Amino acid sequence: MDHAKGLAGIVVDETKISSTKNEKLTYAGYSVEEIAKAHASFEEVVFLLWYTRLPSEDELREFRRDLVSKMVLPAETIRLLLYIAKEPQHPMSILRTTTSLLGTTNDVDHDEPPKILAKMLTAIAAIIRIRDDEPFLDVDPELGVADNFLYMMTGKKPNAELSQMFNTVMILHADHEFNASTFTARVVASTMSDYYSCLTAAVCALKGPLHGGANERVFEMLNEIMSQDEDPIDFIKNEIGRGRKIMGFGHRIYKHGDPRAYILKDIAEKLAEETDNMDYYNIQQQLADYMLEKDHLHPNVDYYTALIYHCLGLEKETFTLVSAACRTSGWLAHVMEQRREKTLIRPNSEYVGPTNRSYLEDTAVKEAR
Ligand SMILES: CC(C)(COP(=O)(O)OP(=O)(O)OC[C@H]1O[C@@H](n2cnc3c(N)ncnc32)[C@H](O)[C@@H]1OP(=O)(O)O)[C@@H](O)C(=O)NCCC(=O)NCCS
């Protein structure tokens, strides 16, 4: 039987939400480069992913107002969050529990995607605030969704330039067709399970270092190089010599460069300059040049995101939470699409273990018979 390890190259279903065909990332037919260059807002892109068309001005205004108005958490969730977010477990483990928790409050049966996205953003900001020993912040109805998320996370209202950059960061993370976490969400959705179960499963998949967890590891690597005052190229050679992968490089789909990384690189450089973090950026440049020359490996979305999140004042352990916040919009788009399809995802495997064994001959439990 023919099979592809890790489903590489296999088209498992159709989607109208996003595409990476020919290594170009498009959302409902629009290239992300064009969307990012035109400085679209995060909420406009969420509308595009959910309804596969751009909103009118009135629709966008109403969509934004609705999402922002829902960026509050039930009191019982806040009480429980105050308890669990302080635990020493990794923040992604806390988010996994939190996502499940959001799906068990009293009013949850009536939660629709806008409320679910708004709650997820608010809960992620809250986890970060609790871990920083800072008080919760109420949503500001004057700000958009991305600005509110940034404000509720960091306590700072962004100026126009930062707002534009952060909207772009969120847009670039919003969706990526059938990546591991989205596919996981779709598998759960295909059983007609509820939205929060789909998102909880997606968070579990995103947590791993080969997927969303890579951004944290990128920053760990940069810190290690800086703290040991080691030559970055020697460090990389050593790691590769030990058979280790270099986090933030390579991609299952993009073999000639991740289109998101080019845009994020510019944002990382600007923010690094403004926040006196150019040492990190310069090391990243050296590593990227070396990896390209040696192995033809390009940086992926997580490579520059690590520095961007650091420049925003976030702790490295919380980097993947921010990616989860952005990707929740895409997960929800796919869950809605999968639910409309009403087809159970249930592939086959090729069994390669022993065959024709006899239980009665092999079992050690013979006496009782
Ligand atoms: C993302 C990733 C899992 C894609 O994997 P994939 O499509 O299954 O590709 P493979 O892991 O089979 O890699 C193909 C080859 O490139 C090498 N390679 C891929 N990524 C590498 C990396 N980051 N560092 C060093 N070598 C790498 C592999 O060792 C393999 O070499 P080989 O053919 O000599 O065995 C992989 O590139 C990776 O682990 N990257 C680091 C984690 C990361 O940044 N994840 C975020 C993704 S957005």
Side-chain angles (χ1 to χ4, degrees), residues 3-12 18-25 32 90 92 169-185 202-225 232-265 267-268 280 283-310 316-317 319-327 330-331:
H3 63 273
K5 278 271 183 218
L7 294 178
I10 300 291
V11 175
V12 293
S18 63
S19 163
T20 55
K21 202 166 178 192
N22 300 325
E23 302 197 16
K24 299 255 176 285
L25 176 58
V32 289
H90 192 279
M92 279 301 280
V169 170
M170 289 196 79
I171 286 168
L172 293 175
H173 284 84
D175 196 43
H176 207 230
E177 52 113 355
F178 281 31
N179 62 86
S181 55
T182 302
F183 187 59
T184 304
V203 168
C204 295
L206 187 75
K207 181 174 185 283
L210 295 191
H211 192 9
N215 51 19
E216 177 182 345
R217 311 298 157 99
V218 169
F219 200 68
E220 266 166 19
M221 170 178 75
L222 297 178
N223 269 341
E224 216 176 312
I225 294 172
I233 308 304
D234 287 347
F235 178 90
I236 290 275
K237 283 182 182 163
N238 244 325
E239 291 292 294
I240 293 176
R242 287 188 203 159
R244 294 193 185 148
K245 281 187 170 170
I246 309 303
M247 292 293 123
F249 287 94
H251 200 276
R252 173 63 65 81
I253 307 275
Y254 303 122
K255 300 303 177 193
H256 303 93
D258 183 332
R260 301 164 297 178
Y262 296 112
I263 304 169
L264 292 168
K265 175 176 179 285
I267 296 178
Y280 285 106
I283 292 175
Q284 284 195 302
Q285 280 315 98
Q286 286 184 59
L287 300 182
D289 291 346
Y290 178 78
M291 291 297 282
L292 186 62
E293 197 184 309
K294 187 190 162 286
D295 285 331
H296 303 292
L297 282 168
H298 297 260
N300 58 45
V301 67
D302 288 313
Y303 190 61
Y304 293 109
T305 306
L307 180 54
I308 291 171
Y309 292 164
H310 171 69
K316 68 177 166 51
E317 291 78 12
F319 287 179
T320 312
L321 295 187
V322 184
S323 305
C326 313
R327 186 57 61 84
W331 289 335

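All residue numbers refer to positions in the sequence shown, counting from 1. All ligand and atom numbering here is 1-based and tracks the order in the structure. These figures come from a predicted structure and were not determined experimentally.
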query: Can you check whether a protein heavy atom sits less than 4.0 angstrom from atom 2 (C) of ligand 1?
result: no
message: Quick check for you: to the nearest 0.5 Å, what is the distance between His296 atom NE2 and Leu292 atom CG?
response: 7.5 Å
message: Tell me whether the count of non-hydrogen atoms from other residues, nucleotides or ligands lying under 6.0 Å of NZ in Lys255 goes above 12.
response: yes
message: I need the Glu216 CD to Leu321 CG distance, nearest 0.5 Å.
response: 9.5 Å
Option nearest atom 7 (O) of ligand 1 (shortest heavy-atom distance, choices Glu239, Met291, His211, Arg252): Arg252
- prompt: So is there a nitrogen or oxygen of Lys245 less than 3.5 Å from a nitrogen or oxygen in ligand 1?
  reply: yes
- prompt: atom 23 (N) of ligand 1: protein heavy atom closer than 4.0 Å?
  reply: yes
- line: Ranked by distance from atom 20 (N) of ligand 1, the top protein heavy atom is Phe249 O, 3.8 Å
field: Rounded distance (nearest 0.5 Å) linking atom CD of Gln284 with atom OH of Tyr303
entry: 4.5 Å
query: CG of Asp302 to CZ of Arg217: how many Å apart, nearest 0.5 Å?
result: 11.0 Å
- prompt: Looking at Tyr280 versus His310, is the centre-to-centre ring distance below 6.0 Å?
  reply: yes
4.0 Å protein heavy-atom contact status of atom 41 (C) of ligand 1, strictly under: yes
field: Close-contact set for ligand 1 against Gly250 heavy atoms, below 4.0 Å
entry: 1 (C), 37 (O)
- prompt: Applying a 4.0 Å heavy-atom criterion (strictly less than), which segment of His251 is in contact with ligand 1: side chain, backbone, both, or neither?
  reply: both
task: Would you verify that at least one protein heavy atom lies under 4.0 Å from atom 14 (C) of ligand 1, or report that none does?
output: no
query: Below 4.0 Å from any atom of ligand 1, is there a heavy atom belonging to Lys255?
result: yes
- prompt: When rounded to the nearest 0.5 angstrom, what is the spacing between CG in Leu7 and CZ in Phe178?
  reply: 11.0 Å
- request: Answer with yes or no whether the side chains of Thr305 and Asn215 bring together a donor and an acceptor at under 3.5 Å.
  value: no
- line: Taking only non-hydrogen atoms of Asp302 and a 4.0 Å limit, the atoms of ligand 1 in range are 46 (C), 48 (S)
message: Tell me the contacting part of Leu297 for ligand 1: side chain, backbone, both, or neither, using a 4.0 Å heavy-atom threshold, strictly below.
response: side chain
query: Which option out of Val218, Ile240, Ile246 puts a heavy atom nearest to atom 25 (C) of ligand 1?
result: Ile246
Residue, atom name and distance, where the atom is the protein heavy atom closest to atom 47 (C) of ligand 1: Asn300 ND2, 3.6 Å
message: In the complex you have, is atom 11 (O) of ligand 1 within reach of the protein, judged by whether a heavy-atom distance drops under 4.0 Å?
response: yes
message: Run Val169 and Ile308 through side-chain contact (heavy atoms from CB on, under 4.5 Å) and show every step you take.
response: CA-CA 9 Å; Val169 170; Ile308 291 171; 4.2 Å; yes
- prompt: Which of the atoms in ligand 1, numbered in the order shown and given with their element, are less than 4.0 Å from a heavy-atom of Ala214?
  reply: 43 (C), 44 (O), 45 (N), 46 (C)
- request: Please work out whether any backbone atom (N, CA, C, O) or any side-chain heavy atom from C-beta onward of Leu210 is under 4.0 Å from ligand 1, and answer side chain, backbone, both or neither.
  value: both
message: Could you measure the distance from the CZ atom of Phe235 to the CE atom of Met221? Nearest 0.5 Å is fine.
response: 6.5 Å
- request: Mind telling me whether His251 and His176 have parallel, tilted or perpendicular rings, with 30° and 60° as the class edges?
  value: perpendicular
- prompt: Within less than 4.0 angstrom of ligand 1, does Gly248 place any heavy atom?
  reply: yes
task: Report the C-alpha separation of Ile240 and Lys294 in whole Å, then their side-chain angles, then the decisive distance to 0.1 Å, and conclude whether the side-chain contact (heavy atoms from CB on, under 4.5 Å) test is met.
output: CA-CA 11 Å; Ile240 293 176; Lys294 187 190 162 286; 4.1 Å; yes
Atom 33 (O) of ligand 1 touched by protein heavy atom at under 4.0 Å: no
